[in-house]
Amino acid sequence: MTEENVYQVADWKGQSGERWVTYQARLDAMMAAFGQAAIEAAAPATGERVLDVGCGAGASSLDLAARVGAGGHVLGVDISEPLIVSARARAPQDTPALFQVADASSTELPEGAFDILFSRFGVMFFDDPTAAFAHMLRALKPGARVAFVCWRGMAENDWVRLPLGAMKGILPPTAPPDPEAPGPFSFGDQGRVARILTAAGFTDVAIAPFDASIPFGKGETRDAALDDAVKMTLEVGPLARALADQPDDIRARASAAVRAAFAGCPGERSVMIDGAAWIVTARNPAS
Ligand SMILES: C[S@@+](CC[C@H](N)C(=O)[O-])C[C@H]1O[C@@H](n2cnc3c(N)ncnc32)[C@H](O)[C@@H]1O
């Protein structure tokens, strides 16, 4: 096994994107509270224009579109074609949201066009985040707002800490990834996030913790919910990638270990697992 196996980067243009399409409804339910908190921080008003970065299958874009109304506009951009296809398919005909396959860090965006730069967990994957945010800033109107939600560190997020911790003795130990390398936890250090946004040209940066319990598994009984949570963990996310090429016996041991690790999480017909995020707001200087 190579070093990066437990922490393989998400392949958004390929399998990771396809898995997210398959589990879109589940993932939307899991991230709903975080997305709503970011939308409240963005405070979209009727008629405003919003850029949703890494929009995925479009749940947040469509919520934002409902908030800005017919006189407003939402542009959802994502590098994953299957996710954009899925977003377009679920969009009501009269929505003011448009979806585009594009790398937000480099694609040509209309200059000075948006009132809000928004993202639900879609801005942690840039190779050069400062350059990416500087690029996106040019698409904003003077005084425009930024609001996004990103994960805090892996150690604070039980939905990944518990299953990866349970792999001790099953998968060979690997060095943790560079905390600044592109990936879900690369914005875990709030000082780094503030430095990136400030260096990119943003002002009024504010970063607040937001915690929520994530519905990881659901079922008619607690046992069924635990099975469901384990299935989800083995299908999507860091452990799914780590186990992708493993033989059946390793997968079976991993599955049992994850089940034991989740057994202490609360929930009756569910498995609720702690998630820890930052809600980040900032502003394009007025002129
Ligand atoms: C964790 S998912 C979140 C998706 C969506 N915002 C949601 O909450 O359902 C991260 C998304 O960011 C997208 N992404 C990663 N890098 C990107 C980039 N450079 N430009 C645009 N989208 C990107 C991925 O394809 C993926 O859909």
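All ligand and atom numbering here is 1-based and tracks the order in the structure.
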If you count the atoms of ligand 1 from 1 in the order shown, which ones are under 4.0 Å from a heavy atom of [X]?
| X | result |
| --- | --- |
| Ala102 | 20 (N), 21 (C) |
| Cys55 | 5 (C), 6 (N) |
| Phe126 | 18 (C), 19 (N) |
| Ser80 | 25 (O) |
| Gly56 | 4 (C), 5 (C), 27 (O) |
| Leu83 | 27 (O) |
| Met31 | 7 (C), 8 (O), 9 (O) |

N or O pair under 3.5 Å between [X] and ligand 1:
| X | result |
| --- | --- |
| Trp12 | no |
| Ala104 | yes |
| Asp103 | yes |
| Arg120 | yes |

Under a 3.5 Å threshold, yes or no: a donor from one side chain and an acceptor from the other, between Thr221 and Asp223?
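No pair is found: no donor N or O on one side chain lies under 3.5 Å from an acceptor on the other.
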Donor-acceptor side-chain pairing of Asp78 and Gln100 below 3.5 angstrom:
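Side chains of Asp78 and Gln100: no pair found under 3.5 Å.
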To the nearest 0.1 Å, how far is [atom] from its closest protein heavy atom, and which atom is that?
| atom | result |
| --- | --- |
| atom 25 (O) of ligand 1 | Asp78 OD1, 2.6 Å |
| atom 4 (C) of ligand 1 | Gly54 O, 3.4 Å |
| atom 10 (C) of ligand 1 | Phe121 O, 3.3 Å |
| atom 23 (C) of ligand 1 | Ile79 CG1, 3.5 Å |

Are the charged groups of [X] and [Y] less than 4.0 angstrom apart, N to O?
| X | Y | result |
| --- | --- | --- |
| Glu268 | Arg222 | no |
| Asp228 | Lys218 | no |
| Asp248 | Arg251 | no |

Ala57 near ligand 1, heavy-atom distance under 4.0 Å?
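No, Ala57 has no heavy atom closer than 4.0 Å to ligand 1.
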What about Phe121 and Phe34, are their ring centers closer than 6.0 Å?
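Yes - the distance between ring centres of Phe121 and Phe34 falls below the 6.0 Å cut-off.
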Side chains of Val50 and His73: does their closest heavy-atom pair fall under 4.5 Å?
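They are not in side-chain contact.
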When the ring planes of Trp151 and Trp159 are compared, do they come out parallel, tilted or perpendicular, using 30° and 60° as the limits?
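Ring orientation of Trp151 relative to Trp159: tilted.
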Separation between CZ of Arg269 and CD of Glu220, rounded to the nearest 0.5 Å:
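Between atom CZ of Arg269 and atom CD of Glu220 there are 5.5 Å.
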Indicate yes or no for a side-chain donor-acceptor contact from Ser270 to the backbone of Met272 under 3.5 Å, with no hydrogens or angles considered.
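No, because the side chain of Ser270 does not come within donor-acceptor range (under 3.5 Å) of the backbone of Met272.
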